[in-house]
Every structure is written in structure tokens, then in C-alpha cells.
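In each ligand, atom 1 is the first atom listed, and ligand 1 is the first ligand listed. Just the heavy atoms: all of them, side chains too, but no hydrogens, waters or symmetry mates, feed the values below.
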Amino acid sequence: MIQGPRVVLRALSRDDLSRLHQFNNDVEVELAGGGDPPLPQSLERLQAEFDSGLGGGRDGTSFAIEVDGVYIGSCALFSFDHVARRAMLGITIGDKAYWCQGYGREAVQLLVEYGFRHHNLHKVWLEVHGRNERAIRAYRACGFVEEGRLRQHVWSDGAYDDLVIMGVLHHA
Ligand SMILES: CC(C)(COP(=O)(O)OP(=O)(O)OC[C@H]1O[C@@H](n2cnc3c(N)ncnc32)[C@H](O)[C@@H]1OP(=O)(O)O)[C@@H](O)C(=O)NCCC(=O)NCCS
């Protein structure tokens with residue numbers, strides 16, 4: 001649906017679920033993505049969740065990330081505030097073989113541009129763990145700046161970490 005030089009953002013399909021199931025059960029990917037402690041997830045549960053969400057309409061602002069016809073991860077805009085015209089951004093490249101090749105920053109750039117152009121957003125922001133230097137560098141390359149840091153705010157992989165708030169403004 002959204003085509004960049006190397007990355008396509010499109011709807012998640014049922015055929016993607018076996019790979020998504022692998023990504024969601026990869027502890028390294030789950031820890032890097034932040035959020036809750038890693039939890040197991042069966043393919044059956046994932047398929048049931050996917051099927052229960054079907055039934056007309058659209059998929060919202062969640063996208064599968066595809067490179068050379070391969071599904072490698074997901075990204076989304078969420079928590080829209082329609083008064084302030086801001087939304088949060090999340091991304092996980094679940095296939096580690098595709099990390100650190102610039103695909104993440106291209107997907108983020110496409111998603112931010114989509115938010116500004118099509119949803120008339122004024123700001124896109126996100127939360128990232130302080131130790132996630134790879135993500136922070138990719139976000140900086142897309143124009144995000146650090147706006148705040150909650151010290152030792154999250155417990156991840158057996159240690160406290162800072163929670164960094166980053167944001168990018170339209171027409172900054
Ligand atoms: C975060 C993520 C989207 C970034 O996408 P990516 O395609 O891997 O990243 P890019 O190739 O665009 O950029 C990675 C940057 O980190 C740097 N980097 C890579 N490994 C690093 C490390 N261990 N320490 C510090 N920097 C590192 C790279 O050199 C590059 O920076 P540079 O271009 O300024 O040199 C992707 O790695 C991912 O999904 N990771 C797992 C989930 C996750 O962390 N999600 C984000 C949660 S907020």
C-alpha cells in the first residue's frame with residue numbers, strides 16, 4: 001500500500017502469521033521491542049485473534065513491513081489524539097537477519113510521512129528503552145529528538161533501564 005525505495009508497508013495477511021508467531025516467541029526480539037516481559041504465544045491463539053478481527057472495514061493504522069516480497073515485521077501508529085493531532089509510533093522488525101540494514105529507518109520514515117500527509121498529524125512520538133541504541137539511532141536518522149527521559153523507569157531483562165521519549169514535529 002505504501003511503497004518506499006526498498007520497503008513496502010501493507011496489510012498483515014493470514015499467510016504472515018507463522019512468521020509473526022516466530023517473531024513473537026523470540027525473546028531477543030520481544031525484549032528489544034520493549035513493553036511487557038516476554039510471554040509465550042501459540043500459533044493457534046494468534047490465528048484466532050487474527051480471525052476474530054476480520055469482518056469488513058479496514059485494518060486501521062497497522063502495517064506489515066515487506067522487503068523483496070518477504071514479511072519481516074510490523075509497524076503502527078496508535079494512541080491518536082485528534083485534538084492535539086499527535087499519535088505514537090511502534091515498530092518491530094521480527095526477523096533479526098534484517099536488522100541494521102536501514103530497513104527500520106525507511107519504514108519509520110514512510111509511516112511518519114503517512115501520518116503527516118494522510119492523517120494531518122502535527123506530531124509523532126514514541127517511547128524507547130535507553131539501552132536500545134539501535135532503535136534510538138534509527139529514530140534520530142528520521143528526525144526524532146529526545147524530549148525526555150524517565151530514569152530507571154522500566155525493568156527489562158533483569159535490570160532497570162531509562163524510558164526515553166522521542167518525538168518529531170511536522171514542519172519542524
Ligand atoms: C529498532 C529497529 C526498528 C531499527 O531498524 P534497523 O533497520 O535495524 O535500523 P537501521 O539500520 O535503520 O539503523 C540502526 C542504527 O543503529 C546502529 N546500531 C546497530 N547496532 C547497534 C548497537 N548494538 N549499538 C549501537 N548502535 C547500533 C547502526 O549503526 C545504525 O545507526 P547509524 O546508521 O547511525 O550508524 C529494528 O532493529 C527492530 O525492530 N529491532 C527490534 C525491535 C525494536 O527494538 N523495536 C523498537 C522499540 S522502541
Side-chain angles (χ1 to χ4, degrees), residues 1-12 16-41 46 60-81 86-116 121 123-169:
M1 179 187 174
I2 300 172
Q3 176 81 57
R6 297 189 299 159
V7 166
V8 176
L9 303 186
R10 58 153 174 87
L12 185 75
D16 298 323
L17 296 186
S18 62
R19 270 171 71 74
L20 179 57
H21 171 248
Q22 289 172 22
F23 304 158
N24 288 353
N25 286 281
D26 185 322
V27 171
E28 190 182 3
V29 172
E30 284 291 281
L31 286 173
D36 298 327
L39 298 170
Q41 184 186 48
L46 191 58
T61 46
S62 295
F63 296 90
I65 305 170
E66 185 180 294
V67 170
D68 295 331
V70 179
Y71 164 64
I72 65 163
S74 311
C75 62
L77 293 174
F78 58 99
S79 294
F80 279 76
D81 183 315
R86 65 166 191 264
M88 295 188 75
L89 181 144
I91 179 168
T92 299
I93 295 178
D95 187 333
K96 292 177 284 194
Y98 288 83
W99 285 2
C100 299
Q101 298 178 55
Y103 297 123
R105 73 186 53 187
E106 185 177 325
V108 168
Q109 273 163 350
L110 291 173
L111 192 55
V112 168
E113 179 58 27
Y114 165 80
F116 289 157
L121 291 177
K123 177 177 184 173
V124 177
W125 68 289
L126 56 85
E127 296 174 346
V128 56
H129 291 184
R131 286 199 300 265
N132 196 348
E133 195 58 36
R134 182 177 50 241
I136 290 171
R137 288 181 73 109
Y139 296 143
R140 280 211 188 101
C142 298
F144 284 80
V145 297
E146 182 173 327
E147 298 188 340
R149 179 178 287 259
L150 304 177
R151 294 173 303 158
Q152 299 188 23
H153 194 72
V154 292
W155 178 261
S156 177
D157 200 15
Y160 280 109
D161 198 357
D162 296 346
L163 187 68
V164 178
I165 314 295
M166 301 185 79
V168 59
L169 299 177

Exam field: side chain [X] to backbone [Y], donor-acceptor pair closer than 3.5 Å:
| X | Y | result |
| --- | --- | --- |
| H129 | A32 | no |
| N25 | Q41 | yes |
| S79 | M88 | no |
| R10 | E66 | no |

Under the side-chain contact (heavy atoms from CB on, under 4.5 Å) test against Y139, which residue among N132, I91, V164 passes? I91
Per-pair distances, 0.1 Å, donor-acceptor, side chain in residues 103-113, under 3.5 Å, sequence neighbours excluded:
unit_1 : atom_1 : unit_2 : atom_2 : d
E106   : OE1    : R6     : N      : 3.4
E106   : OE2    : R6     : N      : 2.8
E106   : OE2    : V7     : N      : 2.8
E113   : OE2    : R117   : NE     : 3.3

Under a strict 4.0 Å criterion on non-hydrogen atoms, which protein residues are in contact with ligand 1? A32, G33, I91, T92, I93, W99, C100, Q101, G102, Y103, G104, R105, E127, V128, N132, E133, R134, A135, R137, A138, Y139
